[in-house]
There are 2 protein chains.
Amino acid sequence: MPDTAPATIEDVARIAEVSIATVSRAIHTPDKVAKSTRQRVNQAIAITGYTTNAMARSLRMGRSNMILILAPDIGDPNFSSTLIGLENEARAHGFGVLIGHTQNDPERGLEYLKFLSSGQATGLVLFTGHEPFGHQVVGQRLPPSVAVFEPVFGSKISYVGVDDVAGARKAAEHLLSAGHRAIAFIGDSKTRLGHQRRRQGFDKALDAARIPPNQRFVLEGEGTIESGRLAVEQLFMRDQLPTAFMCVNDATAVGVINGLTARGYDLPHDFSVIGFDDVPQATYVNPALTTIRQPRTAIGRQAMSLLIKSLAERPTERQEILLMPDLIVRGSVTGPAKR
Amino acid sequence: MPDTAPATIEDVARIAEVSIATVSRAIHTPDKVAKSTRQRVNQAIAITGYTTNAMARSLRMGRSNMILILAPDIGDPNFSSTLIGLENEARAHGFGVLIGHTQNDPERGLEYLKFLSSGQATGLVLFTGHEPFGHQVVGQRLPPSVAVFEPVFGSKISYVGVDDVAGARKAAEHLLSAGHRAIAFIGDSKTRLGHQRRRQGFDKALDAARIPPNQRFVLEGEGTIESGRLAVEQLFMRDQLPTAFMCVNDATAVGVINGLTARGYDLPHDFSVIGFDDVPQATYVNPALTTIRQPRTAIGRQAMSLLIKSLAERPTERQEILLMPDLIVRGSVTGPAKR
DNA sequence: TTGTACGCGTTATCAA
DNA sequence: TTGATAACGCGTACAA
């Protein structure tokens with residue numbers, strides 16, 4: 001197998017005995033070329049295995065049809081299923097997607113930005129995961145972009161994500177309707193907007209149920225397993241205990257469950273726990289975690305749809321699309337224990 | 001902020017009052033240009049914010065400095081940390097990486113192959129995950145490539161992965177040295193090479209300990225949680241029970257643990273379980289899983305290093321690099337129960 | 001319906 | 001040390 005250079009449009013033209021212009025036309029505007037010629041061209045393409053050189057094409061056209069997806073952490077359980085939604089939608093519109101991994105390193109982010117500005121990608125999806133991506137992006141001249149899962153702080157970039165307030169409210173109401181009145185909120189945050197919104201939803205539900213807010217039942221945390229565990233320890237140093245835990249996300253919930261189990265409690269009999277996100281892991285803990293499911297694939301689909309629209313129309317209006325999450329009932333919530 | 005077009009080399013040349021050739025030289029071979037001129041050029045670059053257009057560059061050069069990483073499933077727990085190794089090594093050599101997600105869909109794979117053949121990427125990393133990528137790739141003219149985690153069946157593509165035989169042997173010996181003699185192997189496979197090798201390592205360890213092979217203790221499985229659970233059920237329909245379970249991977253081990261726990265057994269007291277891979281989840285199960293850790297980041301690093309080397313030298317010799325995994329002792333293995 | 005020729009932004013060759 | 005210019009592969013206005 002000789003290592004021949006890939007065929008160019010000129011090779012095709014020569015074989016089909018036409019000019020390169022005709023080849024190009026046969027490909028992009030087939031009706032503008034005679035049927036017989038078209039057939040000869042197609043044959044020649046088949047023979048040579050010709051593929052248009054995307055670089056030359058994009059260089060000439062001034063834009064590519066690739067969309068760059070920037071993610072700080074590909075291991076994030078939210079990532080993979082959202083990606084599916086993004087990809088499928090892009091594909092349906094003739095776009096390809098490429099994934100860039102920043103590892104939360106601003107320098108890498110900047111490199112990908114260069115990738116963009118050199119025209120190798122036309123649109124940008126900011127998959128901020130849990131850490132705001134922000135600073136490096138703000139101020140840069142960006143191509144049409146959309147953020148998912150967490151809005152980009154202080155920018156005009158559109159955003160597609162879950163309705164945190166409504167979701168958290170659903171979770172709290174589930175606990176409430178199971179009979180709980182003493183509910184702790186684990187994972188309060190001063191910095192993360194999404195988590196703050198979840199706290200708001202929690203407050204609203206309690207307020208609607210006429211349960212006075214209890215600051216001793218609100219514990220901070222960064223949304224990690226460790227922070228959930230820690231919160232349990234803190235809580236047990238006080239005099240008053242809740243009957244249920246509402247956690248800002250599933251990781252926190254796993255930590256809470258671990259902490260409670262380690263203390264010898266029997267779940268869900270002794271305490272109820274509810275999470276938020278529905279990560280794969282939620283099914284593996286014991287008891288399986290009742291939680292709020294992020295509509296990940298739908299978020300991806302909508303985000304890409306929005307991006308492609310703005311690619312065509314160039315509207316500078318910022319949009320925010322909030323999707324409604326569902327309650328997933330598994331085994332970690334039951335009625336309050338009688339003590 | 002006016003939406004000006006990005007600066008080109010010509011803009012820089014005009015401002016610096018030199019020719020574009022000099023600008024190019026000032027960038028790539030600074031010593032071939034007079035100091036004063038160089039300074040003027042650098043200033044002009046700073047003023048314009050010029051970035052070389054990668055597409056024009058690659059078009060001219062005939063090759064890009066991007067490497068495409070093709071993965072069937074980005075959610076695979078093996079993926080993210082391997083990626084880090086790949087990226088870091090690539091970066092160190094001035095290459096960028098892009099990730100393509102095939103979703104196990106041959107059509108998508110083909111599309112990315114087109115991406116390659118159109119020159120947008122120079123090298124290829126086949127992240128076959130657990131499903132052989134194979135068929136579509138074989139026969140295609142491929143750029144320099146390397147596979148990780150699972151060799152590409154029937155091709156000359158180099159491979160970097162873990163030494164499955166040695167790792168499995170380590171696992172079995174750990175069980176043996178804890179005193180186990182009746183050990184079940186869960187996850188035997190007729191199709192997956194890596195899993196077959198793990199079985200071999202298991203057999204070797206038993207053989208070296210002069211324990212006769214027992215076919216009733218070897219159960220098939222596809223390496224999923226479900227298949228681990230199923231294997232437990234099958235085993236309990238027989239008359240003879242093992243004291244320990246060696247699982248082909250962590251997912252299987254989690255299934256086994258779930259199945260055993262569901263039957264009311266107390267682990268690790270009643271049964272010992274060992275896995276393979278060391279996925280993040282391994283720490284969350286109860287008891288935490290003792291397992292064999294894949295040196296993922298190292299695999300990534302070595303694979304990229306090999307690829308870049310072959311990019312420079314074009315050796316067609318197929319290479320296979322096997323890395324030694326470590327035993328990670330956690331809580332799921334203890335001495336055999338006395339029954 | 002088809003062909004000629006230009007330009008997209010670079011790098012590299014050759015003269016000056 | 002510097003500049004003019006060809007070429008990379010493609011799409012398209014313009015001419016035929």
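Just so we're on the same page: letters track the sequence lines, and every chain starts at 1.
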Between A:Glu87 and B:Gln103, is any side-chain donor less than 3.5 angstrom from a side-chain acceptor? yes
Would you kindly say whether A:Arg296 and A:Thr82 are connected by a side-chain donor-acceptor distance under 3.5 Å? no
OP1 or OP2 of D:dG9 less than 4.0 angstrom from a side-chain nitrogen or oxygen of A:Thr8, does that happen here? no
If I take atom CG in residue B:Asn65 and atom P in nucleotide C:dT10, what distance separates them, rounded to the nearest angstrom? 15 Å
Looking at the base of C:dG9, is there any donor atom on it, or on the side chain of A:Arg60, that sits under 3.5 Å from an acceptor on the other one? no
Can you tell me how far P of D:dG9 sits from CG of A:Asp11, to the nearest Å? 9 Å
Check whether B:Thr48 reaches the backbone of B:Ala44 with its side chain - one donor and one acceptor, N or O, closer than 3.5 Å. yes
Which is more 5' along DNA chain C, the nucleotide nearest A:Arg25 or the one nearest B:Asn53? Just name the residue. A:Arg25
Given atom CD of A:Glu10 and atom P of C:dG3, what is their separation to the nearest angstrom? 13 Å
Approximate separation, where rounding is to 0.5 Å, of A:Phe79 CZ and A:Ile99 CD1: 4.5 Å
A:Tyr50 side-chain proximity, nearest of D:dA13, D:dC10, D:dG3: D:dC10
May I ask you to test the B:Phe95-B:Leu311 pair for a side-chain heavy-atom distance under 4.5 Å? yes
May I ask you to say what A:Met55 touches in the nucleic acid, namely base, sugar-phosphate or nothing, with a heavy-atom cut-off under 4.0 Å? nothing
Could you list by number each residue of residues 26-37 of chain A showing a heavy-atom separation from DNA chain C of less than 4.0 Å, or answer none if no residue does? A:Lys32, A:Val33, A:Ala34, A:Thr37
Any residue in residues 13-21 of chain B with a heavy atom nearer than 4.0 angstrom to DNA chain C? Just list them by number, or reply none. B:Ile20, B:Ala21
Rounded distance (nearest 0.5 Å) linking atom CD1 of B:Ile308 with atom CD of B:Glu89: 6.0 Å
Euclidean distance, atom CZ of residue B:Arg40 to atom C1' of D:dT1 [Å, nearest integer]: 12 Å
Would you indicate, yes or no, if D:dG11 has its OP1 or OP2 atom less than 4.0 angstrom from a side-chain nitrogen or oxygen of A:Arg57? yes
Among all residues two or more places apart in sequence or in another chain, which pass the side chain to side chain donor-acceptor pair (under 3.5 Å) test with A:Ser145? none
Starting at atom CD1 of A:Ile9, determine the distance to atom C1' of C:dT4, rounded to an integer number of angstrom. 14 Å
Does one side chain, of B:Thr122 or B:Ser64, offer a donor that lies under 3.5 Å from an acceptor on the other? yes
With side chain to side chain contact (heavy atoms under 4.5 Å, CB included) as the criterion, how do B:Val97 and B:Met66 come out once you've worked through the C-alpha distance, each side chain's angles and the decisive distance to 0.1 Å? CA-CA 5 Å; B:Val97 313; B:Met66 281 285 167; over 6 Å; no
Tell me what B:Leu59 touches on the nucleic acid: a base, only sugar-phosphate, or nothing, going by heavy atoms under 4.0 Å. base
What does B:Ser58 touch in the nucleic acid at a heavy-atom separation under 4.0 angstrom: a base, only the sugar-phosphate, or nothing? nothing
Rounded interatomic separation in angstrom, taking CD from A:Gln39 and C1' from C:dT1: 15 Å
